[in-house]
Protein chains: 4
Amino acid sequence: MRMKIDVALDYRLASPGAAILVVEAAGVEGQVLSDTRIDVQEPSHFARVAAEEGIGERIVMRLGDRMTCTYSAVVQVTRTRPDLAELDAVQVEHMPGDALRYLLPSRYCEADRFTNLATSRFGGLSGGAKVAAMRDWVEAHLDYVAGVSDGNTTAADTYIEGRGVCRDYAHLLIALCRAAQIPARIASVYAPAVEPQDFHAVVQVFLSGDWHLVDPTGMAQADEMALVAVGRDATDVAFLTTIPAAELLTQTVAVTRLD
Amino acid sequence: MRMKIDVALDYRLASPGAAILVVEAAGVEGQVLSDTRIDVQEPSHFARVAAEEGIGERIVMRLGDRMTCTYSAVVQVTRTRPDLAELDAVQVEHMPGDALRYLLPSRYCEADRFTNLATSRFGGLSGGAKVAAMRDWVEAHLDYVAGVSDGNTTAADTYIEGRGVCRDYAHLLIALCRAAQIPARIASVYAPAVEPQDFHAVVQVFLSGDWHLVDPTGMAQADEMALVAVGRDATDVAFLTTIPAAELLTQTVAVTRLD
Amino acid sequence: MRMKIDVALDYRLASPGAAILVVEAAGVEGQVLSDTRIDVQEPSHFARVAAEEGIGERIVMRLGDRMTCTYSAVVQVTRTRPDLAELDAVQVEHMPGDALRYLLPSRYCEADRFTNLATSRFGGLSGGAKVAAMRDWVEAHLDYVAGVSDGNTTAADTYIEGRGVCRDYAHLLIALCRAAQIPARIASVYAPAVEPQDFHAVVQVFLSGDWHLVDPTGMAQADEMALVAVGRDATDVAFLTTIPAAELLTQTVAVTRLD
Amino acid sequence: MRMKIDVALDYRLASPGAAILVVEAAGVEGQVLSDTRIDVQEPSHFARVAAEEGIGERIVMRLGDRMTCTYSAVVQVTRTRPDLAELDAVQVEHMPGDALRYLLPSRYCEADRFTNLATSRFGGLSGGAKVAAMRDWVEAHLDYVAGVSDGNTTAADTYIEGRGVCRDYAHLLIALCRAAQIPARIASVYAPAVEPQDFHAVVQVFLSGDWHLVDPTGMAQADEMALVAVGRDATDVAFLTTIPAAELLTQTVAVTRLD
């Protein structure tokens, strides 16, 4: 399938400063980019550095008191939808370093607090079947409600509150997978099925020797997502980080299915 | 200077499982390794993967119910002691991706909570002079007391408690540096001056385009440390992680200055 | 039923200081005390003040570096076992001030974080039937495991961990009840059925105009408990508080059913 | 001195429900009330219960979807300004139960985390001189900034952030006093000197056998405050609690000095 992505961001900075932007679909296997274009108004400096795991790039800019940016691209998704039930767990001692890292607890994914839940509720399953059961459970356990979580909300908070948005769903699934020794990381993506249209966060799990996209909100499928960046949790994939703080003026994300 | 390192670890696992070991001095610029030897008793599987940033390695093993390991090496340290006052801050937009990552808050280093402290107390300084002032302040603000912190203690906790051990000192300095837009990461090291002898944790800051070792406990100097591994915080450089949990039987760390 | 209570405590204080002791069965309706005796060795000062809600007393002492105390009593329990299903919720505007207070969140019972859980899982029930369902759910959701919780563990922590001891069970049930506008407080009690024998913590809920004892661990029943003290949460009913800190030397609690 | 208090509140409830209101100056020694008047529009039920420690009252109401209230009173303050330096600490074993209670940690005042700070910074002082030094330190350590704290902010958070509003100042001073075995509680008050005019929160400390008002923000003095209610922390003295949640429409607090 192919999708068209159109993003427009306009923020006011409290004072001239720097901004880090991670909004472009990544040039990685499984998706083919065309017609990409990014415009930032009047940065005094504009640089690109590799993002986490070499997937995608961070744009780092020096700005005045305004961050105005448009981004558009067409992405053809060529990856297939994984059949989780057929994927196997990888033993810890057979994992590459780049997977092993994603077993560790992180700021928003306190995997070590979910050991008992992972064992008591999902102990009888393994590999992709376990991930599938965890994904189904997260979707059932949570209500999708905007405005109840913020930049301090962790997987543990979300588990208690029973509510959240895509990043909260992702953090909870990641924490559970890691607690079960399945490497899991966050992935920021675009997907036409996301309602309302916005930046979206899902999960990548490491099974059968590769990373696979899973959406605990149930809104999107792996073969209908454009991958932007990955990381330990939301800290790593924030679409915009500014120094100093910035105020949102307007922001639109439009993702259209082309075929 | 040269140092001799001797480590012996003996742990009992609750059941057969896996262990990740990060105890070897890393083969990196600034230190020359010789006479290295590591012995683990009867692992059924033994693998090495690169650790964070390609500095050092993680040993990943499948074990029975016991983890018994000895490690010894001679390390000649060739790096020099940095003169912090002469090192400059790097602007965010000029940082490489591998430094930029270490501006972000992490589990034990909630940099975003220290913005006000970094500004109000150290706002008039910059670059290496700021790091030096922060380092001095951390050493003065904290008392070195074992047993008051644990695996849940964060930089914010340490700031309140006013006490901790080397990892707590490191986390607090890291949080302050990041809050001031200076990339900072944890480094596990060996140093003969550490009292009592043990694994030691210090800080690396990114100034003038390179990483520099700083010890907020004041016990060790950059030219008298053997670097083992680096990471966002203690999560990344744990010398031993076991699945399942393990019980300490005996552990000795001896680091002797040779010349 | 009648029970015989024998308690012996021996603690070493870090230095001469003060101790607050709350170990005596309270002189309240529903239980008749006899043969009560309390001995503390060599306090330089010994005073009694009313405990929370005038139920029981706090003994406040000035001590040397040792707190050695024995307490014994016979308690005849005359209260009956409540039939929760027949008890009604009291509307907030009809509650006395002494019940209203126990709707508020407290340190260990973050009722405001459990609103969604209380509504989504127990929304269809009310009054005593709701409390009974919550009690059953807490008992089923948690495993009774010593050593996994400590003085920092809150109801939210316990909900995530899925494990704890009597005080953790009590805090979780209290948080749920308050989230559902049912006043709930902790009660420290003695009960012969507690296994292993120890100080015990249960819950009091305010229904049909009075307070009723409920044990979320399922170990004890209201007509087989001797009430010691009540409060917002474990902070208020600690059996021993010392200034400075104290080290446990020996402690025995023996509760025997007489008839 | 005399002051005139005028309060107008208008809130919209998410649905018909209950509200608890604590806005009236209390009828206690040290202040004389006159011309008091409170009007609530169309409550279907209106009751008063004693607030904490019998100081002031909670108004409990059943309402439709609107809470509209006006309150006015003239208060003549007859209490004198305490000279902290002349007040003595009371030994724990000589405290009444109603003071002892306010040594315990509470939700927003984690006194047990401030032991080290209380000792290391204020260890050489005692009684009122210690409270005065703590008060001065809190005022100097914090910046008065609205909007950086919320209903989850505790004394520990405020200590780290270095900023807050009156309730945050009060929580931090309370935590420090309790850590030094000086009973301390929150007090909600009206004072003409508060800028901008609003409900105000200060601290009461127990010294020389009585409670004394202290304002860590430095805005008001004990002899220029009208006391409303007291409690362990902000939980107990919230001027408005609604079930369900309510949205602020308008709220004005005007306190005028008459002579």
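All chains are named by letter (A, B, ...) in the order of the sequence lines, taking the proteins before the strands, and each is independently numbered beginning at 1. All values below come from the heavy atoms of this structure, side chains included, with hydrogens, waters and symmetry mates left out.
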**Message:** Counting only non-hydrogen atoms closer than 4.5 Å, does A:Ile59 touch chain B with its backbone (N, CA, C, O), its side chain (CB onward), both, or neither?
**Reply:** neither

**Residue B:Ala50 versus chain A: region with a heavy atom under 4.5 Å** = backbone

**Item:** Side chains of B:Arg232 and A:Arg232 in contact at under 4.5 Å (non-hydrogen atoms)
**Value:** yes

**Fill in**
Result for side chain to side chain contact (heavy atoms under 4.5 Å, CB included) between B:Glu93 and one of A:Leu63, A:Val60, A:Val49 points to A:Val60

**Side chain, backbone, both or neither of A:Ser106 within contact of chain B (heavy atoms, under 4.5 Å)** = backbone

**Request:** Please look at B:Arg48 and chain A and tell me whether the side chain, the backbone, both or neither of the residue comes under 4.5 angstrom of a heavy atom of that chain.
**Result:** neither

**Request:** Go through the atoms of B:Pro105 and report whether side chain, backbone, both or neither lie under 4.5 Å from a heavy atom of chain A.
**Result:** both

**Request:** Calculate, to the nearest 0.5 Å, the distance between atoms NE2 and CD belonging to B:His45 and A:Gln91 respectively.
**Result:** 10.0 Å

**CD1 on A:Ile243 to CD on B:Gln181, rounded to 0.5 Å** = 4.0 Å

**Asked** Based on non-hydrogen pairs under 4.5 Å, which of A:Leu103, A:Leu104, A:Asp233 is most in contact with chain B?
**Response** A:Leu104

**Request:** Examine whether an atom of B:Glu57 lies under 4.5 Å from a heavy atom of chain A, and if so say whether it belongs to the side chain, the backbone or both; otherwise answer neither.
**Result:** neither

**Asked** Checking heavy atoms, do the side chain of A:Asp236, its backbone, both or neither come under 4.5 Å from chain B?
**Response** both

**Distance in Å, A:Thr241 OG1 paired with B:Leu100 CG, rounded so as to fall on 0.5 Å steps** = 8.5 Å

**Asked** Partners of A:Thr242 by side-chain hydrogen bond (donor to acceptor under 3.5 Å, both in side chains), sequence neighbours excluded?
**Response** none

**Message:** If the condition is salt bridge (charged side-chain N to carboxylate O under 4.0 Å, His left out), which residues does A:Arg185 pass it with, not counting sequence neighbours?
**Reply:** none

**B:Arg62, part contacting chain A, at a heavy-atom distance under 4.5 Å** = both

